[in-house]
Novice: 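This is the structure, below, for whatever I ask next.
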Number of protein chains: 2
Amino acid sequence: MTVTSVHDPSHREALWELEDAFERGDLISVFGRCTVSYEGRAASDLGAGDRLLVLKPDGAALVHTDEGRQPVNWQPPGSEHHAAVREGRLRVRSTRSDPDETLTVRFDRVHQLSAMAVTGGRNLTLHGSEEDLRTRVLERPELVEPGFEPKETERPSSAGPMDVFGVDADGTPVVVELKRRRVGPDAVGQLARYVRALREEIAAEDGDDGGDTPVVRGVLVAPSVTDRARGRLADRGFGHVALDPTSEE
Amino acid sequence: MTVTSVHDPSHREALWELEDAFERGDLISVFGRCTVSYEGRAASDLGAGDRLLVLKPDGAALVHTDEGRQPVNWQPPGSEHHAAVREGRLRVRSTRSDPDETLTVRFDRVHQLSAMAVTGGRNLTLHGSEEDLRTRVLERPELVEPGFEPKETERPSSAGPMDVFGVDADGTPVVVELKRRRVGPDAVGQLARYVRALREEIAAEDGDDGGDTPVVRGVLVAPSVTDRARGRLADRGFGHVALDPTSEE
DNA sequence: GGATTTATGTCGGGG
DNA sequence: CCCCGACGTAAATCC
């Protein structure tokens, strides 16, 4: 873990630090007195004031004041950052094309500059709700349907592990696919692969080649589904249970 | 101008600095390795990773990773920040009510903490907004069409206020809908609601129940329209004028 | 890759 | 306070 930080640097020093941080792919924060101008889809100007500039290695740039959830000015990811000293000020410029947009921050004075190499926790942005959804279903299986009885989670199959495997009130095998938010047809396809895999597995166990396909039901548990997904569910005879990870009931 | 900053503080030190900064109403940035959990309108959990936490004196809290314009987790303005050392970690919690929401950031380690008193400079002047487009149309109505004469802006109707209301060279009422950028079918629907409302209003005034529907024209002013929107415009007999807020002519 | 839909949208204005 | 619409919306998904 590497953090570099300088307090009250000269513009020249700040420039060096910035360029090194760009090179390393650091996440950068700059406190200072600056003016901001933007030109692109719209145009804006911001007079001198103390603000926080955040520069990300993916090209995003954010100018924050002391108020609001939204940055007062910004540049989206995919932009390119450049720094220079011009007219006695530190100028940080972030540009992108398509559409052409430029954000320019001119610092009269830099109070504090910090840069951190971001190592972990980038992609493990596990939005914890699918886990919650599984917990809910296991604790209250009647939410899926009356009489449903979960047997196994992450049950292996030739199509990969299925979220929840169980049996319904009649003892018929049920494959449950969990999605923490509104789903499209892809989720139905995923469910279908598990169901087909399980049918083949059961047929093989029964030595039942050529006979009727074994009955295996599929249920998609998700807050909602797209129209197209709903159609596919109907085509395949699968059920849909409207449940979201956070609701109380 | 006061900036305080500490490098690799102990949790206890960091806590002191945070509480002082809260007291002073500073804008705060914290680099460190942390886990994040949120519970409220939705729920989420983030595993350990290096991130940037920004705390604002208005109650806003932002957790930024190295990617994206949006914070990975946040709390809106109006929340309350609290800091404490719990279980050997620095815990920063931001809560609000209505709706009840809690953001909790637990730092395994704080790499850098900075706080700045922010003064002035929140006056942003933005050009190229829908407001600018309205100004252009009012100053140069011939850009909509020769002979067009604006009568009223934000004219009320049962479908809500229409952007610009006026008459054409023949004296026929015209409803103008302004969009600052390329539009889809939704904008045509919005325009259609205004036109229908105005037709009903005029029919009612004329005591003209059952007669021909009064003539009211609809014009969509926008830089461009999608194919689908173009189709709907044609269906309804509405016009489209290609104008964008920033162009000089 | 463009069109469409969602979002813990955020934010401001008007009744 | 709620409702509605704009936003330099951003971001994911559909097609």
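Throughout, protein chains are lettered first and strands after them, A, B, ... in sequence-line order, and every chain is numbered starting at 1. The basis for the numbers below is simple: all heavy atoms, side chains too, and nothing from hydrogens, waters or symmetry mates.
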Novice: What is the distance from CG of Asp244(B) to P of dG8(D), rounded to the nearest Å?
Specialist: 15 Å
Novice: Please list, chain by chain and in numerical order, all residues satisfying side-chain contact (heavy atoms from CB on, under 4.5 Å) with Ala242(B), sequence neighbours excluded.
Specialist: His240(B)
Novice: Figure out the CG/P separation between Asp132(B) and dG8(D), and round it to whole Å.
Specialist: 11 Å
Novice: I need the CD-P distance between Gln75(B) and dA7(C), as an integer number of Å.
Specialist: 19 Å
Novice: Looking at Trp74(B), does any N or O in its side chain come under 4.0 Å of the phosphate oxygens OP1/OP2 on dT10(C)?
Specialist: yes
Novice: Check Arg155(B) with Glu201(B), please: is the shortest side-chain N to carboxylate O separation under 4.0 Å?
Specialist: yes
Novice: Hey, are Gln75(A) and Arg93(A) close enough side-chain-wise for a donor-acceptor pair under 3.5 Å?
Specialist: no
Novice: Nearest to the side chain of Gln70(B), heavy atoms from C-beta on, is which of dA6(D), dA11(D), dG8(D)?
Specialist: dA11(D)
Novice: Could you tell me how far apart Asp227(B) (CG) and dT4(C) (C1') are, to the nearest whole angstrom?
Specialist: 14 Å
Novice: When the P atoms of dT4(C) and dT8(C) are compared, how many Å lie between them, rounded to an integer?
Specialist: 23 Å
Novice: Say you pick atom C1' in dC7(D) and the same atom in dA7(C); how far apart are they, in whole Å?
Specialist: 14 Å
Novice: Will you find, in the side chains of Arg182(B) and Ser224(B), an N or O donor that is under 3.5 Å from an N or O acceptor?
Specialist: yes
Novice: Arg134(B) has an atom CZ; how far is it from atom P of dG5(D), in whole Å?
Specialist: 15 Å
Novice: Have a look at Asn73(A) and tell me which of Ser37(A), Ser44(A), Ser94(A) forms a side chain to side chain contact (heavy atoms under 4.5 Å, CB included) with it.
Specialist: Ser44(A)
Novice: Measure from OH on Tyr38(A) to P on dG8(D) and round the result to the nearest Å.
Specialist: 8 Å
Novice: What is the distance, rounded to the nearest whole Å, between atom CG of Leu126(B) and atom C1' of dT10(C)?
Specialist: 15 Å
Novice: Which of the following nucleotides, dG9(C), dT4(C), dT9(D), is nearest to the side chain of Arg41(A)?
Specialist: dT9(D)
Novice: For DNA chain D, determine which residues of residues 180-194 of chain B have any heavy atom closer than 4.0 angstrom to one of its atoms, and list them numerically.
Specialist: Arg180(B), Arg181(B), Gln190(B)
Novice: What is the nucleic acid contact for Asn73(A), judged by heavy atoms within less than 4.0 Å: base, sugar-phosphate only, or nothing?
Specialist: base
Novice: Between the side chain of Ser97(A) and the main-chain N/O of Pro99(A), is any donor-acceptor distance below 3.5 Å?
Specialist: no
Novice: May I ask you to say whether Asp26(A) pairs ionically with Arg24(A), meaning some side-chain N is under 4.0 Å from a carboxylate O?
Specialist: yes
Novice: Here's a test of your reading of the structure: between Asp98(B) and Lys179(B), which maps to the more 5' nucleotide of DNA chain D?
Specialist: Asp98(B)
Novice: Would you mind telling me which of dC7(D), dT8(C), dA10(D) lies closest to the side-chain atoms of Glu130(B)?
Specialist: dC7(D)
Novice: Have a look at Gly160(B) and say if it touches a base, only the backbone sugar-phosphate, or nothing, with a 4.0 Å heavy-atom cut-off.
Specialist: nothing
Novice: Answer yes when Glu145(B) and Arg217(B) have at least one side-chain N-carboxylate O distance shorter than 4.0 Å, and no when they do not.
Specialist: yes
Novice: Using atom P of each nucleotide, how far apart are dC4(D) and dG8(D) to the nearest Å?
Specialist: 22 Å
Novice: Where the side chain of Arg69(A) is concerned, which of dG8(D), dT10(C), dA6(D) is the nearest nucleotide?
Specialist: dT10(C)
Novice: Judged by each residue's nearest nucleotide on DNA chain D, which is more toward the 5′ side, Gly68(B) or Ala42(A)?
Specialist: Ala42(A)
Novice: Is Thr226(B) close enough to dG2(C) that one of its side-chain N or O atoms is under 4.0 Å from OP1 or OP2 there?
Specialist: no
Novice: To the nearest angstrom, how far is Leu178(B) atom CG from dG5(D) atom P?
Specialist: 15 Å
Novice: Go nucleotide by nucleotide along DNA chain C from the 5' end; which of Pro77(B) and Leu103(B) gets its closest nucleotide reached first?
Specialist: Leu103(B)
